[in-house]
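Fair warning: this is a prediction, and the values are worked out from it, not measured in the lab.
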Amino acid sequence: MISLLLSMLRARRGQAVVLALLALFAVAAAVAAPAYLQAVDRSIVAGQVATAPARERSLTITARVNLRQDDGFDFADVASGLVELPGFEQVYGQEFPAVGIEPDRVRASRVTYRQDVCAHLTIVAGRCVAGAGDVVLGERTAARLGLGPGDPITLTYASLGGSSSLPTYFADGVPAPLVVAGTYRATDAGEAYWGGHGYFDPDTTGAPGEPVFGGAATVAGMDHGTTEASLDLTAGPGALTAAALPDTRRRLGELRDRATRLGQGIVVSTKLPDLFARIDRSQELARRSVPAGAAPLLLLAYAVLFIAADYATQGRRPELAVVALRGTRWWTRWWLTLGEGLAAILLGGLAGCVAGQLLVGAVVAWRFPGVEVPVFTVEALRYAPVALLGAIAAALVAQRRHLAAPVAGLLRRVRGRTATWRVRAGEAVVAVLAAAATAQLFLTGGSLTGVAVVAPALVILALALATARAVTPLARLVGGWALRRGRVTTALAAFQLSRRPGAQRLILLLVAAVGVLGYAVTATDLAARDRDLAAQVATGAPRVLSVASIGREQLLQAVRAADPRAEYAMAVTEMPRGRPGEPPRLAVDTTRLAAASTWLGAYGDVDPARLATLLRPPVREVGLTIPGQDLTVDATVTGARPDNPVSLRLVLAGPKGRANVDLGAVHNGPGTYQQRVADCADGCRLVGVHLVTLDPAATATRITVVLNTLRTINPPRTAATGAELADLGRWRAADATLTAAPDGLRIGVDAPDGLPNGAWVQPAEVQLPLPVASTAATTTISGLDNLDVPATVAVRLAAVPRLGTDGTLVDLEYAERLATDAGLADEPEVWLGPAAPPDVLNRLAAEGLVVVADTGVGDTRARLAAQGPALSLWFHVLAGALAVLLAAGGLALVIAVDRRDRRADLAALRTQGLSRRAAGRVALWTYPALVLAAAPPGLATALIAWHLTGWALPLFGEAMPELPLPHWPTGPALPLTWLLTLALLIAVAAATARATTAPPRRAAAPATRG
């Protein structure tokens, strides 16, 4: 029996090779999916690590130690013993405050030792630290203090004291004589080496921080108490690879557990879990997307295998009839029928296990260069047995009808029709499954789990079946129309297609293949456009600089000073989270919106320059400026109660930021309230007057305060007289009533239910309601201080830079003038336009801005392209290309198998008078015409399937704002791919028809007796 099987394979080796190749395709598709996912997992890790900010690739271990208390705790030894993270570079550091060179006690020098610091500093003058007693000063600090290389200084350890409103430092140690070895500038203040210590963040005065760096011997030789010791670890090249990542995650968890058990105030700070979470999410999304691309290819492979097995068995029907006539037992008959095909399928399946991984290896080498992925893995074969069983099942189903046919049926040349009810039932099952899978997508919000994973494949299959079902009646109509008009060739081709079962199967195959590739190209093309749009919207500008913590007004003025002509730079800050349901808000210097932002047509029709004009109506310059540091307020109070004291506070804005000045509790009668505000030595602007109860639980607050004069006593100047204060047009109030008094401004507060947030009086500089640009209709927004601000939508936008389709844009300067808080910017940034000069960082640094991150549209686009959803879509393209190759192979197979019947049919027609030329055209162009008929429905199938299911394919591996994403392909990718596919299939059909079909000659007339 074995020798007989081998003889059968040799005799029909062409058919065996076809079956083996189709089985190879099916198994290769099942192997390629997990193999590709392995490559994607590794590529995701490499891409996310490469684009992650420094804080997500490092961790810091800190503890506060006191060397004056000898408790046997050595942080350096303990921290080093805690760490078991191979591949991480370690940097040890210490720091403590000291006084001695600063002119006041409001700020202290930050004495710092950092391992190998000289390699990360640019020495401006002198040299770096070399021995005990050497220190280096920041260039600005040295210039401000008049110090330079070689100058002696004395520093003394300091402790923090004073009041909560005015903290000061005092000497708390033995003075240490030191020498300034040189002055420095940080080479890169944002590099991972500096950790998260904020060495160069603005200090209490708003100036950029510049620690006093000393060597280990210098710091150890100084008498100091409580010291912040740290060990920073930054991932090296091999610490966060795909292979090392699981071990790194485990060791990080163990490190945290050990630090917790050890106590001693040891704190482990890291953003590594954020990176791990983003990698996990990208990998999870890829695991959902890749199977959705593999499913159509697998189903198509089974369909072609079914057709091939059916046609192969059809050609052996006379042979099977002879076997049946000889009375062969049923199992022998089944073995002779199935054994040949099963052997070919098994051989092809084994080859598919190798071919699938080789194919993925080639794609990975092309798409993910540098990502080391093993070519052959056992893990990739986990679905191969299932795919092979599916291929065997498809072959068995295809041959079952032939095995069950009687001998007379096997001897017939014309194929019998399959039972209609079975075909219709199968089609109905496919339609129901497609509807159920699509419904699950919608009900679960697009979750590609369960049957929803195969929703695109089922929808494409259902539409292809519907198209194939329509072929027969349409072909009959075309044939009848052509015959009535005398177009014999067209009529014969149409009638041939309508009467052959293979035509419906080919239509199904071609429509599905074109649909699979079209769906993949649509997904890939739209995803690339979506990523580009997301990168531009989410970034907001061609280049974005994140700066260290700073006041909003300082940020605004620093950027304007660095770019006085408003050609390329814009100050930007986020606004605090508002009320539930309120769109997020972004405050920008709208005067520079046109120069610095990436303004897209998707935002709306308004021009950014016009938008700036609408958001900045003229302001009224009230001109309330406090001219000196010794603030004095003359006020007359009535209604003050000792059991419910009310404090008078002023918020002032100066060149160093905002100051909240508490003048103390007011008392009845005329009074003078004074406070020294050092930050206002060069003048401050009045932001607001605040009356607040000192007892939060107090109720029934009723008080009247008349502001008589605002002035300073050193120098003696008047900021506003009583008459000027009484001008009600200069003020607005919240939770208070304003009236003009003969001697000033009367502020009346009547709060029977208490005054939890206090009453505010502010200069009426900005007109209310505040004009905003928003994607939603709104009459109130939460301001920078989270207090409600009346607003009017001056421009309705479709989307807002950085915020997407749900957001509000306000002018930063106007919002700042309305705010009453401390004035710190929330996530301060500088947006740079295309005209930014190469030395822009130096210009901003000269104005006191410390850049901690520098990113751009290209960086964001690269980060999104390195995530799981983007990488997984290339598997869809690979599956689509293989689907077209399968369709081409199936088309060639059907044409080749049909050649005997077609030759017999054409020979009979030639006998009845059909010309040789017409017969040749029918033989040659019947199947190319079928391809032309299937191509437009295939394209329509792709677009319909995309509309129903494409929205569920994940686009981004991280949270992105709501975006005005395109939903339909508009570029050349889809039509060009469709035309190339059409050309390929027509070429295959024409070439196969030409090779297998020779125009038959007219049969000779029979001889007659004369």
Side-chain angles (χ1 to χ4, degrees), residues 32-53 56 242 275-294 360 362-371 373 446-448 453 456 516-539 804 855-881 946 949-971 973-974 977:
Y36 189 84
L37 276 176
Q38 288 179 341
V40 166
D41 283 350
R42 291 174 176 265
S43 183
I44 286 172
V45 173
Q48 293 303 302
V49 170
T51 57
E56 290 188 352
L275 174 61
F276 297 156
R278 196 162 62 249
I279 290 173
D280 289 344
R281 174 169 172 77
S282 281
Q283 291 177 339
E284 174 60 26
L285 292 175
R287 292 187 185 98
R288 296 180 186 179
S289 180
V290 168
V360 169
V363 173
V364 168
W366 167 54
R367 283 296 306 147
F368 313 137
V371 177
V373 181
S447 177
L448 287 173
V453 173
V516 170
L517 182 59
Y519 186 94
V521 172
T522 300
T524 306
D525 181 44
L526 277 176
R529 292 168 54 202
D530 290 346
R531 290 194 301 274
D532 182 67
L533 178 64
Q536 295 186 70
V537 173
T539 307
T855 188
V857 173
D859 298 319
T860 305
R861 188 186 295 113
R863 187 177 73 247
L864 295 177
Q867 293 172 352
L871 299 177
S872 62
L873 286 178
W874 285 100
F875 186 84
H876 290 249
V877 176
L878 174 63
W946 172 259
T949 65
W951 59 272
L953 289 178
L955 293 175
F956 313 114
E958 62 185 65
M960 299 294 291
E962 293 292 330
L963 300 169
L965 297 177
H967 299 291
W968 293 103
T970 56
L974 182 61
T977 305

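In this structure the side chain of Trp946 never reaches within 4.5 angstrom of the side chain of Leu974, judged on heavy atoms. When side chains are defined from C-beta on, Ser872 does not count as touching Leu953, because their heavy atoms never get closer than 4.5 Å. Two residues are said to be in side-chain contact when any heavy atoms from C-beta on lie closer than 4.5 Å; Val45 and Gln283 meet this criterion. Looking at heavy atoms from C-beta onward, Asp859 lies out of side-chain contact with Thr51 at the 4.5 angstrom threshold. Using a 4.5 Å heavy-atom threshold, the side chains of Leu864 and Met960 count as touching. For the pair Gln867 and Pro954, the minimum side-chain heavy-atom distance is 4.5 Å or more.
Note that the CG atom of Leu878 and the OH atom of Tyr36 stand 8.0 Å from one another [nearest 0.5 Å]. Separation of atoms CG (Leu37) and CZ (Arg287) is listed at 7.0 Å; rounding is to 0.5 Å. Between the CD1 atom in Ile44 and the CZ atom in Arg42 there is a gap of 12.5 Å [rounded to 0.5 Å].
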Full working for side-chain contact (heavy atoms from CB on, under 4.5 Å) between Arg529 and Thr970: CA-CA 10 Å; Arg529 292 168 54 202; Thr970 56; 3.2 Å; yes

Criterion side-chain contact (heavy atoms from CB on, under 4.5 Å) on Phe875 and Val40, from CA distance to verdict: CA-CA 10 Å; Phe875 186 84; Val40 166; over 6 Å; no

Pair Thr855-Arg863, side-chain hydrogen bond (donor to acceptor under 3.5 Å, both in side chains): steps then yes or no: CA-CA 11 Å; Thr855 188; Arg863 187 177 73 247; 5.2 Å; no

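Ala870 approaches Arg531 most closely through the heavy-atom pair CB-NH1, 3.4 Å. Residues Asp530 and Leu955 approach most closely at OD2-CD1, 3.4 Å, considering heavy atoms.
Between Trp874 and Trp366, the ring planes are perpendicular. Angles over 60° get that label, and only those under 30° would be called parallel.
Within 6.0 Å of CD on Glu962 lie no more than 12 heavy atoms contributed by other residues, nucleotides or ligands.
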